[in-house]
Protein chains: 2
Amino acid sequence: MSRWEPNALERLQRAAMELYRERGFDETTVAEIAARAGLTERTFFRYFADKREVLFAGAGPLHELLRDKVARAPDSTAPIDAVAAALEASSAVFEERRDFARQRHALIAAHPELQERELIKLASLAATLAEALRRRGVTDPAAILAGEAGIAVFRLAFESWVHDPKRRDFSRHVRESLGALKAVTAGKVTRPAAPSTSRARGASPAGRASGRRSSG
Amino acid sequence: MSRWEPNALERLQRAAMELYRERGFDETTVAEIAARAGLTERTFFRYFADKREVLFAGAGPLHELLRDKVARAPDSTAPIDAVAAALEASSAVFEERRDFARQRHALIAAHPELQERELIKLASLAATLAEALRRRGVTDPAAILAGEAGIAVFRLAFESWVHDPKRRDFSRHVRESLGALKAVTAGKVTRPAAPSTSRARGASPAGRASGRRSSG
DNA sequence: ATCTCTGATGTCAGTGACTGCACTCAGGTA
DNA sequence: TACCTGAGTGCAGTCACTGACATCAGAGAT
């Protein structure tokens with residue numbers, strides 16, 4: 001038997017998530033989180049750098065997974081496709097905890113200060129992807145841009161996955177978003193033709209959200 | 001004669017910039033900034049929501065410029081190119097204050113908490129671009145992705161512009177970065193051939209923009 | 001000339017995030 | 001037995017940020 005309950009870190013994360021959801025991020029104090037976890041404020045700050053970080057810790061395995069998948073892509077694979085394959089492979093990570101992911105996403109969406117943290121974490125993922133590509137010999141503007149593009153795809157895919165009433169797999173949303181990105185950057189997407197009966201939103205395989213030029 | 005010195009906001013911004021550069025962001029207190037501007041801490045917080053915001057206020061005109069340029073692009077222009085045209089048009093804004101932009105950029109690069117704020121401001125620019133595209137009739141996954149892609153281009157262009165020893169125009173860096181993005185998302189960039197004569201193939205118009213770093 | 005209203009600023013007294021430093025104490029090891 | 005270590009605690013302090021209220025020059029009204 002040890003002196004303290006085990007899993008202090010997980011207890012803190014759980015307590016924080018509960019309290020942020022119950023009464024809001026701003027209305028929750030760190031002391032309250034610590035108390036619910038059976039610890040003190042001082043201990044909270046030993047585990048997490050600040051009040052926001054408690055929602056973002058633990059991204060290490062995701063970084064490793066992406067690094068690994070990019071490294072293992074066939075030699076002939078283009079950078080953007082190696083990145084896409086890595087993102088698709090991360091599907092399992094999210095599918096496993098769909099509900100948690102949704103709750104966390106809603107929380108972040110409601111608080112700008114949490115969005116800031118989310119964005120810098122995503123930038124860090126982009127950097128991981130770029131670095132993995134460099135190890136494959138991809139040179140720099142391309143490596144950086146493939147990483148950034150991958151994260152743009154990831155964000156859009158995540159958003160539509162979270163809200164997908166059909167609960168289709170995350171990897172499917174990644175493929176659709178990538179298709180949409182390729183169409184957009186190829187200049188294949190334009191304004192709709194004059195009558196504009198377009199159905200907004202949604203996310204088809206995305207390729208043809210297009211007509212061909214013109215209209216008012 | 002008015003009761004107070006005019007331009008309180010500008011004085012605060014200038015004082016903050018000076019102090020952050022002189023002794024670092026963390027080592028500067030808001031009270032010190034206010035004092036240097038001849039005001040009190042309380043007044044600082046009337047002008048800026050927090051200690052970071054003083055470096056980011058005043059983005060309104062840039063948003064308006066981008067919105068306007070996207071709106072005015074010819075009907076036949078593809079979304080990604082309308083966005084690129086808007087970014088190129090913003091060149092003047094940066095060229096006018098090259099030194100200030102460099103100093104500010106160095107400051108942000110050295111402080112993660114400032115990067116967070118920078119990222120959310122860029123996300124807001126992406127949203128502005130996406131909204132301007134929607135007004136042109138572009139539907140949603142495409143509008144969002146064109147906005148995000150534009151910001152990825154913007155970031156890369158800004159970075160290489162700031163470090164460009166040849167001091168070429170910002171708009172030129174935008175064009176090069178856009179070319180690199182198009183090559184990457186078209187899958188035209190791959191690892192170098194076996195003998196590795198470096199220089200990734202197919203990065204056509206912009207492949208070798210900003211060659212800081214290369215491969216790994 | 002005085003009156004009043006307004007807007008920019010100041011004063012003051014908080015709250016709570018975060019930090020440095022010294023301390024406790026069960027369990028393992030020499 | 002004595003010592004060390006690792007996980008957590010206690011405490012005092014700094015500073016970002018806020019709400020409530022006070023001040024006071026100048027503009028316009030009377």
Side-chain angles (χ1 to χ4, degrees), chain A residues 1-20 22-58 107-108 110-118 120, chain B residues 1-58 107-108 110-118 120-121:
Chain A
M1 305 288 274
S2 57
R3 185 176 179 190
W4 296 281
E5 294 296 316
N7 306 322
L9 187 139
E10 284 78 8
R11 272 153 49 216
L12 286 166
Q13 286 180 315
R14 180 180 310 276
M17 185 76 172
E18 288 173 9
L19 285 165
Y20 291 167
E22 283 173 19
R23 74 178 71 155
F25 179 79
D26 295 328
E27 292 68 36
T28 301
T29 69
V30 171
E32 288 167 343
I33 296 168
R36 181 169 295 198
L39 295 165
T40 65
E41 190 180 4
R42 194 66 190 84
T43 302
F44 177 97
F45 286 110
R46 278 205 197 305
Y47 282 93
F48 306 104
D50 59 54
K51 191 183 168 186
R52 286 171 278 166
E53 192 63 18
V54 66
L55 288 175
F56 296 89
L107 200 50
I108 291 170
H111 297 280
E113 61 257 69
L114 295 176
Q115 286 167 45
E116 290 190 343
R117 183 57 51 85
E118 171 91 334
I120 205 167
Chain B
M1 305 287 277
S2 59
R3 185 176 179 189
W4 299 282
E5 294 296 317
N7 306 322
L9 186 139
E10 285 77 8
R11 271 153 51 216
L12 286 167
Q13 286 180 315
R14 179 180 311 275
M17 186 75 172
E18 287 173 8
L19 285 165
Y20 291 168
R21 282 175 24 97
E22 283 173 20
R23 75 179 70 156
F25 180 80
D26 294 328
E27 292 68 36
T28 301
T29 69
V30 171
E32 288 167 341
I33 296 168
R36 181 168 295 199
L39 295 165
T40 65
E41 191 181 3
R42 193 67 187 84
T43 301
F44 177 97
F45 286 110
R46 284 217 174 75
Y47 283 92
F48 306 104
D50 59 55
K51 191 184 169 185
R52 285 170 278 166
E53 192 64 17
V54 66
L55 288 175
F56 296 90
L107 201 50
I108 293 171
H111 297 279
E113 61 257 68
L114 294 175
Q115 287 167 44
E116 290 189 344
R117 182 58 50 84
E118 171 92 333
I120 205 167
K121 295 288 181 180

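Below, chain A is the first sequence line, B the second, and so on; all start at residue 1.
Counting any heavy atom pair closer than 4.0 Å across all strands shown, B:Phe48 reaches no nucleic acid atom. At the heavy-atom level, B:Phe44 lies nowhere under 4.0 Å from the strands shown. B:Thr43 comes within 4.0 angstrom of sugar-phosphate atoms only, judged by non-hydrogen atoms across all strands, and of no base.
Distance B:Lys51 NZ to C:dC18 C1': 13 Å, rounded to the nearest Å. Put simply, CG on A:Leu19 is 12 Å from P on C:dA17, counting in whole angstrom units. Rounded to whole Å, atom P of D:dC15 lies 11 Å from atom CZ of B:Arg23. Atom CD in B:Glu113 sits about 14 Å away from atom C1' in D:dC15, given to the nearest Å. To the nearest angstrom, P of D:dA16 lies 11 Å from CG of B:Asp50. Taking atom CG of residue B:Leu9 and atom C1' of nucleotide C:dA8, one finds them 13 Å apart after rounding to whole Å. Spacing between atom CZ of A:Arg42 and atom P of C:dG16 amounts to 19 Å, rounded to whole angstrom units. Computed from coordinates, the A:Leu12 CG to D:dT9 C1' distance equals 14 Å when rounded to whole Å.
Judged by distance alone, with hydrogens and angles left aside, the side-chain atoms of A:Arg117 form no donor-acceptor pair with the main-chain N or O of A:Leu55 at under 3.5 Å. A donor-acceptor pair is defined here as one N or O able to donate and one able to accept, closer than 3.5 Å; such a pair exists between the side chain of B:Arg11 and the backbone of B:Pro6.
You'll find that the side chain of B:Glu41 is closest to D:dC17, out of D:dC17, C:dG20, D:dA20. Candidate nucleotides C:dC18, D:dC17, C:dT9 were compared by shortest atom distance to the side chain of B:Ala8, and C:dT9 ranks first.
No N or O donor and acceptor, one from the side chain of B:Arg46 and one from the base of D:dT18, sit under 3.5 Å apart.
Listed pair B:Thr40 / C:dG10 meets the phosphate criterion, a side-chain N or O lying under 4.0 Å from OP1 or OP2. Phosphate proximity of C:dA8 to B:Tyr47: absent, as no side-chain N or O sits under 4.0 Å from OP1 or OP2.
Minimum heavy-atom separation, A:Leu12 to A:Val54: O-CG2, 3.9 Å.
A:Arg14 CZ: 12 or fewer foreign heavy atoms inside a 6.0 Å radius.
The stretch residues 25-37 of chain A has no heavy atom under 4.0 Å from DNA chain D, so no residue of it qualifies as close.
By the ring pair (Phe, Tyr, Trp, His ring centres under 6.0 Å) test, A:Phe48 pairs with A:Phe44, sequence neighbours left out.
In this structure the side chain of B:Asp26 reaches within 4.5 angstrom of the side chain of B:Glu113, judged on heavy atoms. With contacts defined as side-chain heavy-atom distances shorter than 4.5 Å, the pair B:Val30/B:Phe45 qualifies.
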